[in-house]
2 protein chains.
Amino acid sequence: MNSFNILQQITSALESLNRSERKVADVILSDPQAATRSSIATLAKAAQVSEPTVNRFCKRFNTAGFPDFKLNLAQALASGVPYVNRNVEADDTADSYSPKIFEATIASLAYAKEKISPAVVNRAVDQLIQAKQILFFGLGASGPVAQDAQHKFFRFNIPVAAYDDVLMQRMVAAASGTGDVIVIISYTGRTRELVDIAELARASGATVIGITAPNSPLARHCTVVLDVEAPEDTDVYMPMTSRIVHLTVIDILATGVTLRRGPDFLRHLKAIKDSLKETRYPAEPRV
Amino acid sequence: MNSFNILQQITSALESLNRSERKVADVILSDPQAATRSSIATLAKAAQVSEPTVNRFCKRFNTAGFPDFKLNLAQALASGVPYVNRNVEADDTADSYSPKIFEATIASLAYAKEKISPAVVNRAVDQLIQAKQILFFGLGASGPVAQDAQHKFFRFNIPVAAYDDVLMQRMVAAASGTGDVIVIISYTGRTRELVDIAELARASGATVIGITAPNSPLARHCTVVLDVEAPEDTDVYMPMTSRIVHLTVIDILATGVTLRRGPDFLRHLKAIKDSLKETRYPAEPRV
DNA sequence: TGGAGGAGGTAAGTTTCTTACATATTTGTT
DNA sequence: AACAAATATGTAAGAAACTTACCTCCTCCA
């Protein structure tokens, strides 16, 4: 991977640049989009430095030269990953905070996309496909994620349930056994109760799949861990992007299970979907 | 905007290209990433055509020339928007379906980001901030979304509830009145029951905010409609990306309400968050 | 079968980028 | 304070990349 987002690199290196390079950086940051379209001569003139200075600037950021630099810049801009501090600020209006929230969400998905290990996904799907019963556990903001997962997996006609309170989770974990798969969803992986419950479930012989932070206490008690790294806490004291990544991981698991089931199974899903038709107003013709 | 995604344009224009240009297109599509790094000479050689042919190819796609073309290409690649048919296929493995799912999710968020109207967000926040009581309604896959919203808005110490079954929704809608805000979440906007419920709620004097498809039957009965356009049904008979967009819209509404409440309120949120500390294992030092 | 029009190539010209080298500026040392 | 060393920046030439103008060849139709 492309050593993530050259714009951020520039921003964070600003202090350590010397005078001329600083001028170049300022010009680029003031309008990165324009920078991608301009020639080295234009940019040098705008920054009031010589062309080789711009070239050296590019090399400092591990690019082959100016054209390569522009390419990286273009990609950084297109990736939707914000380059300056794009946290929501107290004086933001709807114009500014809604794109910020979309961007932050997109950025964490892009990050998770790179980080997720297909091998681990496969192992999780292996377990799910063999399960006699699947149980989804989540607390707080992860409660609805567990519900959502139940809603998805219910269609596989395997017994499936979701629990969002500690007492039920504990009882169910204790009562579980070989062939049961418990999927625990936790952003931090540091909720004591859930760690206990994972331990309990393992002791009873159940398989535990964790959708949680890598190397967390919870992760250590799981049979399979789907790492979802906890990004910095950019939101206003509420879990926002994390649960969306969790949901996407659930989608991936559901897709994995669907594909393993093969084409006959797709027909079964279609039947379920069709059964909803009558509850709906007919679709209107597209304009 | 950049007349979205040059790779898709190339793919769809494939048929209409003449022999040499077709060769160029093939080389580019076979490894677009490589194309962004190569010179016009390299690419011409790879496609076994002359350099001007490549140049003409670029101009055909409304770019100024080869460098500009490469820039567009780089952005298309980085945007995460898939360029070929990136639907999950029956023979996909975890290597291929997990990135596809991430990409599809990112693409719908990117789309929604452009489509959402800050003015409408503002009107929705206006309603929510004045609400005596907020109620979130969702059925099926939108049930968990409503739960999630409840979980978020609960922190605002306004009375808030979520309902995911039709009977309760109907009763609550009938019992509602002025000052109550009902947020109805529906992907299609064509579920008969929910349309009835919206009508009922309006008749009782409640404000109805819809997070649903534009111009749908449901949308017509709402006080404020947050459009979330229904993308083509790319997933395997399950709602996937739609509910993630809905959740993000909820995040935006919650953020809007938080900001309107002002700085004192942030302290209140922090207190709630801190209250969870004791239920956790301490964070481990970062490596 | 010949001519018109399009497709594609050649080669020269132009722009853009890079390198080598020279000059200036800063920093540290005595 | 003054000099040396290291670093920073610019100049100019050369190389690479890109574009344009023009020419040839092929195809298709009368």
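Side chains are part of it too, since the values below use all heavy atoms of this structure and drop only hydrogens, waters and symmetry mates. Residue numbering restarts at 1 for every chain, and letters A, B, ... go by the order of the sequence lines.
- Residue Ser50(B) is classed as a base contact, given a heavy-atom separation below 4.0 Å to a base.
- Looking at the side chain of Asn55(B), the nearest of the listed nucleotides dC17(C), dC18(D), dA21(D) is dC18(D).
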- Begin with the C-alpha distance, continue with both residues' side-chain angles, and end with the deciding distance and a verdict on salt bridge (Lys or Arg N to Asp or Glu O under 4.0 Å) for Glu21(A) and Arg56(A). CA-CA 8 Å; Glu21(A) 288 178 339; Arg56(A) 281 188 282 262; 5.9 Å; no

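- For the residue pair Ser50(B)/Thr53(B), the side-chain donor-acceptor check at 3.5 Å is satisfied.
- Looking at heavy atoms from C-beta onward, Ser186(A) lies in side-chain contact with Thr188(A) at the 4.5 angstrom threshold.
- One can place CZ of Phe57(B) at 15 Å from P of dA7(C), the figure rounded to the nearest angstrom.
- Proximity of Thr53(B) to the phosphate of dG9(C): a side-chain N or O atom is located under 4.0 Å from OP1 or OP2.
- What separates CD of Glu51(A) from C1' of dA20(C) is a distance of 15 Å, to the nearest Å.
- Rounding to the nearest 0.5 Å gives a distance of 6.0 Å between NZ of Lys70(A) and OG of Ser38(A).
- Positionally, the nearest nucleotide of DNA chain D for Ala41(B) lies more toward the 5' end than for the other of Ala41(B) and Arg56(B).
- Using a 4.0 Å heavy-atom cutoff across all strands shown, Lys70(B) reaches sugar-phosphate atoms only and no base atom.
- A stem is defined here as three or more consecutive Watson-Crick or G-U pairs, each with both distances under 3.5 Å; for DNA chain C these stems are C:1-30 with D:1-30.
- In this structure, Phe69(B) atom CZ and dC18(D) atom P are separated by 12 Å, rounded to whole Å.
- In summary, the side chains of Thr42(A) and Ser39(A) do present a donor paired with an acceptor at a separation below 3.5 Å, with no hydrogens or angles considered.
- In this structure, of dC17(C), dA7(C), dA20(C), it is dA7(C) that holds the atom nearest to the side chain of Asn18(B).
- Side chain to side chain, Asn122(A) and Arg260(A) meet the donor-acceptor criterion of an N or O pair below 3.5 Å.
- For Lys45(B) and dG8(C), the NZ to C1' distance is 19 Å, given to the nearest whole Å.
- Distances were taken from every side-chain heavy atom of Ile40(A) (C-beta onward) to each of dC18(D), dT18(C), dA11(C); the shortest belongs to dT18(C).
- Within 4.0 Å of Arg19(A), counting heavy atoms only, lie sugar-phosphate atoms of the nucleic acid but no base atom.
- For Ser39(A), whose side chain is taken as the heavy atoms from C-beta onward, the closest listed nucleotide among dT9(D), dT16(C), dC18(D) is dT16(C).
- Residue Lys59(B) places no side-chain N or O under 4.0 Å from the OP1 or OP2 atom of dC18(D).
- Between the side chains of Arg60(B) and Asn55(B), not a single donor N or O lies within less than 3.5 Å of an accepting N or O.
- Distances from the side chain of Pro67(B) to the nucleotides dG10(D), dA21(D), dC18(D) place dC18(D) closest.
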